[in-house]
Protein chains: 2
Amino acid sequence: MPTSRKATSLGSLTGNVGFHLRLAQLAVFKDFDGELSELGVSPAVYSVLEVLQQNPGLTQSKLASAVRLDRSSMVPMLDKLGQRGLVERLASTTDRRHKHLYLTAAGAKLLHQADKLVSKHEKRVCTPFTAKEKQALMELLARFGG
Amino acid sequence: MPTSRKATSLGSLTGNVGFHLRLAQLAVFKDFDGELSELGVSPAVYSVLEVLQQNPGLTQSKLASAVRLDRSSMVPMLDKLGQRGLVERLASTTDRRHKHLYLTAAGAKLLHQADKLVSKHEKRVCTPFTAKEKQALMELLARFGG
DNA sequence: TATTGTTATACTCTATAACTATA
DNA sequence: TATAGTTATAGAGTATAACAATA
(Lines give C-alpha, C1' and ligand atoms only; values in the text may rest on other atoms or scores of the structure.)
Protein backbone atom coordinates (compact mmCIF):
# COMPACT_ATOMS: atom_id res chain seq x y z
CA MET A 1 0.00 0.00 0.00
CA PRO A 2 1.16 3.50 -0.71
CA THR A 3 1.52 5.68 2.33
CA SER A 4 -1.62 7.70 2.94
CA ARG A 5 -1.59 11.24 1.62
CA LYS A 6 -4.00 12.51 4.25
CA ALA A 7 -2.55 15.03 6.65
CA THR A 8 -1.71 13.44 9.97
CA SER A 9 -4.48 14.12 12.47
CA LEU A 10 -3.50 15.41 15.88
CA GLY A 11 -6.77 14.43 17.55
CA SER A 12 -7.22 15.80 21.05
CA LEU A 13 -3.76 17.36 20.85
CA THR A 14 -5.45 20.13 18.90
CA GLY A 15 -6.99 21.37 22.14
CA ASN A 16 -4.03 20.59 24.35
CA VAL A 17 -2.40 23.65 25.89
CA GLY A 18 0.91 22.00 26.74
CA PHE A 19 1.36 20.66 23.23
CA HIS A 20 0.79 24.08 21.69
CA LEU A 21 3.04 25.76 24.22
CA ARG A 22 5.79 23.34 23.26
CA LEU A 23 5.36 23.97 19.54
CA ALA A 24 5.34 27.72 20.08
CA GLN A 25 8.42 27.60 22.27
CA LEU A 26 10.21 25.42 19.74
CA ALA A 27 9.57 27.97 17.01
CA VAL A 28 10.46 30.96 19.18
CA PHE A 29 13.67 29.47 20.61
CA LYS A 30 14.78 28.40 17.17
CA ASP A 31 14.42 31.95 15.92
CA PHE A 32 16.20 33.27 19.01
CA ASP A 33 19.06 30.89 18.42
CA GLY A 34 19.31 31.88 14.77
CA GLU A 35 19.67 35.49 15.76
CA LEU A 36 21.86 35.27 18.86
CA SER A 37 24.01 32.17 18.53
CA GLU A 38 26.74 34.30 16.95
CA LEU A 39 27.00 36.12 20.28
CA GLY A 40 27.03 32.88 22.23
CA VAL A 41 23.85 33.95 23.98
CA SER A 42 21.15 31.36 24.62
CA PRO A 43 17.74 32.24 26.04
CA ALA A 44 18.93 31.17 29.49
CA VAL A 45 22.11 33.25 29.26
CA TYR A 46 20.14 36.25 28.08
CA SER A 47 17.73 36.02 30.96
CA VAL A 48 20.59 35.81 33.46
CA LEU A 49 22.44 38.81 32.00
CA GLU A 50 19.27 40.85 31.88
CA VAL A 51 18.26 40.08 35.45
CA LEU A 52 21.76 40.88 36.68
CA GLN A 53 21.74 44.22 34.96
CA GLN A 54 18.43 45.00 36.57
CA ASN A 55 19.50 43.74 39.99
CA PRO A 56 23.21 44.29 40.59
CA GLY A 57 24.53 42.40 43.58
CA LEU A 58 21.87 39.71 43.45
CA THR A 59 22.81 36.46 45.17
CA GLN A 60 22.94 33.20 43.26
CA SER A 61 19.88 31.69 44.87
CA LYS A 62 17.78 34.76 44.19
CA LEU A 63 18.96 34.85 40.61
CA ALA A 64 18.10 31.18 40.24
CA SER A 65 14.58 31.64 41.53
CA ALA A 66 14.07 34.72 39.34
CA VAL A 67 14.87 32.76 36.17
CA ARG A 68 13.29 29.57 37.49
CA LEU A 69 16.30 27.33 37.74
CA ASP A 70 17.59 25.30 40.63
CA ARG A 71 20.44 26.98 42.46
CA SER A 72 22.66 24.01 41.64
CA SER A 73 21.99 24.56 37.93
CA MET A 74 23.14 28.14 38.36
CA VAL A 75 26.68 27.14 39.29
CA PRO A 76 28.03 25.75 35.98
CA MET A 77 26.26 28.54 34.14
CA LEU A 78 27.91 31.23 36.27
CA ASP A 79 31.22 29.39 35.94
CA LYS A 80 31.00 29.73 32.18
CA LEU A 81 29.89 33.36 32.31
CA GLY A 82 32.74 34.05 34.71
CA GLN A 83 35.27 32.39 32.40
CA ARG A 84 33.96 34.54 29.57
CA GLY A 85 34.51 37.59 31.75
CA LEU A 86 30.86 38.61 31.69
CA VAL A 87 29.91 38.19 35.34
CA GLU A 88 31.73 38.64 38.65
CA ARG A 89 31.09 36.81 41.90
CA LEU A 90 31.94 38.86 44.99
CA ALA A 91 31.86 37.26 48.41
CA SER A 92 29.65 39.20 50.80
CA THR A 93 31.47 40.94 53.62
CA THR A 94 28.62 40.52 56.07
CA ASP A 95 27.36 37.02 55.38
CA ARG A 96 30.17 35.00 53.99
CA ARG A 97 27.84 32.35 52.61
CA HIS A 98 26.50 34.80 50.03
CA LYS A 99 28.07 35.74 46.75
CA HIS A 100 26.90 38.91 45.07
CA LEU A 101 26.75 38.92 41.31
CA TYR A 102 27.63 41.79 39.01
CA LEU A 103 27.83 42.25 35.28
CA THR A 104 31.32 43.25 34.19
CA ALA A 105 31.80 46.02 31.62
CA ALA A 106 32.17 43.29 28.99
CA GLY A 107 28.97 41.70 30.26
CA ALA A 108 27.07 44.97 30.02
CA LYS A 109 28.42 45.55 26.54
CA LEU A 110 27.45 42.08 25.37
CA LEU A 111 24.00 42.49 26.86
CA HIS A 112 23.61 45.77 25.00
CA GLN A 113 24.42 44.04 21.71
CA ALA A 114 22.15 41.16 22.61
CA ASP A 115 19.30 43.53 23.40
CA LYS A 116 19.38 44.86 19.87
CA LEU A 117 19.27 41.38 18.36
CA VAL A 118 16.56 40.30 20.77
CA SER A 119 14.48 43.26 19.60
CA LYS A 120 14.84 42.10 16.02
CA HIS A 121 13.99 38.57 17.04
CA GLU A 122 10.93 39.66 19.03
CA LYS A 123 9.66 41.72 16.14
CA ARG A 124 10.11 38.90 13.66
CA VAL A 125 8.56 36.29 15.90
CA CYS A 126 5.60 38.54 16.64
CA THR A 127 4.80 39.53 13.06
CA PRO A 128 1.68 37.29 13.18
CA PHE A 129 0.29 39.56 15.89
CA THR A 130 -0.93 43.11 16.20
CA ALA A 131 0.42 45.07 19.15
CA LYS A 132 -2.84 44.46 20.97
CA GLU A 133 -2.75 40.76 20.26
CA LYS A 134 0.80 40.45 21.51
CA GLN A 135 -0.13 42.24 24.69
CA ALA A 136 -3.13 39.96 25.11
CA LEU A 137 -0.95 36.91 24.55
CA MET A 138 1.61 38.00 27.14
CA GLU A 139 -1.12 38.73 29.62
CA LEU A 140 -2.71 35.32 29.07
CA LEU A 141 0.63 33.51 29.39
CA ALA A 142 1.37 35.32 32.64
CA ARG A 143 -1.80 33.88 34.14
CA PHE A 144 -0.36 30.39 34.17
CA GLY A 145 1.49 31.57 37.23
CA GLY A 146 4.82 31.93 35.50
CA MET B 1 24.41 44.34 54.39
CA PRO B 2 21.14 42.47 54.64
CA THR B 3 19.92 41.09 51.34
CA SER B 4 17.53 43.49 49.65
CA ARG B 5 13.86 42.84 50.20
CA LYS B 6 12.81 44.37 46.91
CA ALA B 7 11.27 41.95 44.45
CA THR B 8 13.72 40.95 41.76
CA SER B 9 13.10 42.96 38.62
CA LEU B 10 12.88 41.10 35.34
CA GLY B 11 13.55 44.14 33.17
CA SER B 12 13.01 43.58 29.47
CA LEU B 13 12.18 39.95 30.16
CA THR B 14 8.73 41.22 31.10
CA GLY B 15 8.04 41.77 27.40
CA ASN B 16 9.90 38.73 26.14
CA VAL B 17 7.70 36.13 24.48
CA GLY B 18 10.14 33.24 24.76
CA PHE B 19 10.66 33.80 28.47
CA HIS B 20 6.94 33.78 29.14
CA LEU B 21 6.40 30.74 26.96
CA ARG B 22 9.03 28.92 28.98
CA LEU B 23 7.45 29.87 32.31
CA ALA B 24 4.03 28.84 31.08
CA GLN B 25 5.31 25.54 29.75
CA LEU B 26 7.13 24.86 33.01
CA ALA B 27 3.92 25.34 34.97
CA VAL B 28 1.79 23.32 32.56
CA PHE B 29 4.21 20.39 32.24
CA LYS B 30 4.64 20.26 35.99
CA ASP B 31 0.88 19.95 36.43
CA PHE B 32 0.74 17.32 33.66
CA ASP B 33 3.43 15.33 35.37
CA GLY B 34 1.69 15.55 38.73
CA GLU B 35 -1.45 14.10 37.19
CA LEU B 36 -0.04 11.48 34.81
CA SER B 37 3.26 10.28 36.22
CA GLU B 38 1.44 7.46 37.98
CA LEU B 39 0.55 6.11 34.52
CA GLY B 40 4.10 6.52 33.28
CA VAL B 41 2.85 8.93 30.64
CA SER B 42 4.91 12.02 29.86
CA PRO B 43 3.71 14.78 27.53
CA ALA B 44 5.80 13.26 24.74
CA VAL B 45 4.40 9.76 25.31
CA TYR B 46 0.88 11.11 25.42
CA SER B 47 1.30 12.91 22.13
CA VAL B 48 2.66 9.77 20.47
CA LEU B 49 -0.16 7.55 21.76
CA GLU B 50 -2.79 10.07 20.75
CA VAL B 51 -1.40 10.54 17.24
CA LEU B 52 -1.18 6.77 16.75
CA GLN B 53 -4.76 6.29 17.78
CA GLN B 54 -5.81 8.95 15.31
CA ASN B 55 -3.59 7.59 12.55
CA PRO B 56 -3.24 3.81 12.75
CA GLY B 57 -0.46 2.47 10.57
CA LEU B 58 1.53 5.69 10.54
CA THR B 59 5.22 5.26 9.72
CA GLN B 60 7.90 6.33 12.17
CA SER B 61 9.08 9.31 10.15
CA LYS B 62 5.57 10.66 9.77
CA LEU B 63 4.91 10.20 13.45
CA ALA B 64 8.14 12.00 14.26
CA SER B 65 7.28 14.98 12.11
CA ALA B 66 3.74 15.10 13.53
CA VAL B 67 5.03 15.43 17.08
CA ARG B 68 8.06 17.48 16.01
CA LEU B 69 10.86 15.14 16.90
CA ASP B 70 13.73 13.86 14.82
CA ARG B 71 13.12 10.38 13.42
CA SER B 72 16.21 9.17 15.28
CA SER B 73 14.71 10.37 18.55
CA MET B 74 11.62 8.33 17.79
CA VAL B 75 13.49 5.02 17.92
CA PRO B 76 14.32 4.72 21.66
CA MET B 77 10.89 6.07 22.50
CA LEU B 78 9.14 3.41 20.38
CA ASP B 79 11.49 0.78 21.81
CA LYS B 80 10.25 1.65 25.29
CA LEU B 81 6.61 1.75 24.24
CA GLY B 82 7.11 -1.58 22.52
CA GLN B 83 8.64 -3.13 25.62
CA ARG B 84 5.67 -1.87 27.62
CA GLY B 85 3.39 -3.58 25.11
CA LEU B 86 1.65 -0.36 24.11
CA VAL B 87 2.71 -0.04 20.49
CA GLU B 88 3.40 -2.52 17.67
CA ARG B 89 5.77 -2.06 14.74
CA LEU B 90 4.70 -3.97 11.62
CA ALA B 91 7.00 -4.15 8.63
CA SER B 92 5.26 -2.96 5.48
CA THR B 93 4.60 -5.63 2.88
CA THR B 94 4.97 -3.25 -0.04
CA ASP B 95 7.86 -1.02 0.95
CA ARG B 96 10.06 -2.92 3.27
CA ARG B 97 11.80 0.19 4.52
CA HIS B 98 8.62 1.29 6.26
CA LYS B 99 7.30 0.16 9.58
CA HIS B 100 3.66 0.80 10.34
CA LEU B 101 2.76 1.66 13.89
CA TYR B 102 -0.32 0.54 15.77
CA LEU B 103 -1.58 0.95 19.29
CA THR B 104 -2.09 -2.42 20.98
CA ALA B 105 -5.21 -3.10 23.04
CA ALA B 106 -3.16 -2.26 26.13
CA GLY B 107 -1.99 0.94 24.46
CA ALA B 108 -5.55 1.97 23.62
CA LYS B 109 -6.65 1.21 27.15
CA LEU B 110 -3.83 3.22 28.68
CA LEU B 111 -4.56 6.11 26.36
CA HIS B 112 -8.19 6.00 27.42
CA GLN B 113 -7.16 6.29 31.07
CA ALA B 114 -4.68 9.01 30.21
CA ASP B 115 -7.32 10.98 28.33
CA LYS B 116 -9.41 11.22 31.46
CA LEU B 117 -6.48 12.49 33.53
CA VAL B 118 -5.45 14.88 30.77
CA SER B 119 -8.95 16.33 30.84
CA LYS B 120 -8.64 16.96 34.55
CA HIS B 121 -5.22 18.47 34.01
CA GLU B 122 -6.41 20.72 31.21
CA LYS B 123 -9.31 21.96 33.26
CA ARG B 124 -7.13 22.72 36.25
CA VAL B 125 -4.42 24.41 34.23
CA CYS B 126 -7.00 26.52 32.40
CA THR B 127 -8.94 27.70 35.44
CA PRO B 128 -7.45 31.20 34.98
CA PHE B 129 -9.25 31.46 31.63
CA THR B 130 -12.79 31.65 30.38
CA ALA B 131 -13.66 29.31 27.53
CA LYS B 132 -13.31 32.20 25.13
CA GLU B 133 -9.94 33.19 26.52
CA LYS B 134 -8.64 29.67 26.26
CA GLN B 135 -9.76 29.50 22.66
CA ALA B 136 -8.11 32.84 21.96
CA LEU B 137 -4.90 31.65 23.59
CA MET B 138 -4.79 28.46 21.54
CA GLU B 139 -5.43 30.39 18.39
CA LEU B 140 -2.67 32.87 19.16
CA LEU B 141 -0.19 30.10 20.00
CA ALA B 142 -0.98 28.33 16.75
CA ARG B 143 0.10 31.42 14.82
CA PHE B 144 3.73 30.92 15.82
CA GLY B 145 3.73 28.31 13.10
CA GLY B 146 3.73 25.36 15.45
C1' DT C 1 20.68 8.45 -5.76
C1' DA C 2 17.24 8.99 -2.16
C1' DT C 3 14.69 7.30 1.82
C1' DT C 4 13.54 4.52 6.27
C1' DG C 5 14.79 2.98 10.22
C1' DT C 6 18.75 2.34 13.02
C1' DT C 7 22.98 2.99 15.74
C1' DA C 8 26.48 5.41 18.03
C1' DT C 9 27.40 9.31 20.07
C1' DA C 10 27.26 13.58 22.33
C1' DC C 11 25.47 17.73 24.07
C1' DT C 12 22.23 20.67 26.70
C1' DC C 13 19.36 21.30 30.35
C1' DT C 14 17.90 20.23 34.53
C1' DA C 15 17.22 18.14 39.08
C1' DT C 16 18.47 15.44 43.51
C1' DA C 17 21.32 14.50 47.18
C1' DA C 18 25.09 15.12 49.85
C1' DC C 19 29.00 18.07 51.17
C1' DT C 20 31.32 22.65 53.20
C1' DA C 21 31.29 26.71 55.34
C1' DT C 22 29.06 29.60 57.40
C1' DA C 23 25.20 31.56 60.34
C1' DT D 1 19.45 23.64 62.87
C1' DA D 2 19.12 26.18 58.72
C1' DT D 3 21.04 28.41 54.60
C1' DA D 4 24.31 29.54 50.37
C1' DG D 5 26.99 27.77 47.34
C1' DT D 6 29.16 23.66 45.59
C1' DT D 7 30.01 19.00 43.78
C1' DA D 8 28.92 14.66 41.88
C1' DT D 9 25.86 12.42 39.48
C1' DA D 10 22.16 11.04 36.72
C1' DG D 11 18.17 11.46 33.82
C1' DA D 12 15.42 13.35 30.13
C1' DG D 13 15.34 15.05 25.77
C1' DT D 14 17.19 15.96 21.79
C1' DA D 15 20.18 16.27 17.66
C1' DT D 16 23.96 14.90 14.15
C1' DA D 17 26.24 11.78 11.36
C1' DA D 18 26.91 7.58 9.36
C1' DC D 19 25.18 2.81 8.18
C1' DA D 20 22.27 -1.08 6.18
C1' DA D 21 18.42 -2.31 3.64
C1' DT D 22 15.47 -1.01 0.26
C1' DA D 23 13.48 1.65 -3.35
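Order of the sequence lines sets the chain letters (A, B, ...), proteins ahead of strands, with each chain counted from 1.
In this view, E35(B) and K120(B), R124(B) satisfy the salt bridge (charged side-chain N to carboxylate O under 4.0 Å, His left out) rule, not counting sequence neighbours. Applying the salt bridge (charged side-chain N to carboxylate O under 4.0 Å, His left out) test to E88(B) and every residue at least two apart in sequence or in another chain returns nothing. Under the side chain to side chain donor-acceptor pair (under 3.5 Å) criterion, R89(B) pairs with Q60(B), D79(B), sequence neighbours left out. Applying the ring-ring contact (aromatic ring centres under 6.0 Å, His included) rule to H121(A) yields the partners F32(A); only residues at least two apart in sequence or on another chain are considered. Taking the side-chain contact (heavy atoms from CB on, under 4.5 Å) definition, one finds that T127(A) meets it with nothing, sequence neighbours left out. Scanning for salt bridge (charged side-chain N to carboxylate O under 4.0 Å, His left out) contacts around R97(B) gives D95(B), with sequence neighbours left out.
Judged by distance alone, with hydrogens and angles left aside, the side-chain atoms of T130(B) form a donor-acceptor pair with the main-chain N or O of E133(B) at under 3.5 Å.
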Next on the checklist: Can you build the contact string for nucleotides 2-11 of chain C? Use B for base contact, S for sugar-phosphate-only contact, and - for no protein heavy atom under 4.0 Å.
Outcome noted: BBBBBB----
Identify every side-chain donor-acceptor pair in residues 105-118 of chain B under 3.5 Å, counting partners at least two apart or on other chains, and give the distances.
residue	atom	partner	partner atom	Å
D115(B)	OD1	Y46(B)	OH	2.7

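Atom CG of L69(A) is separated from atom C1' of dT12(C) by 12 Å (rounded to the nearest Å).
For DNA chain D, the contact window with chain A, defined by any atom under 4.0 Å from a protein heavy atom, covers dA2(D) to dT14(D) in 5' to 3' order.
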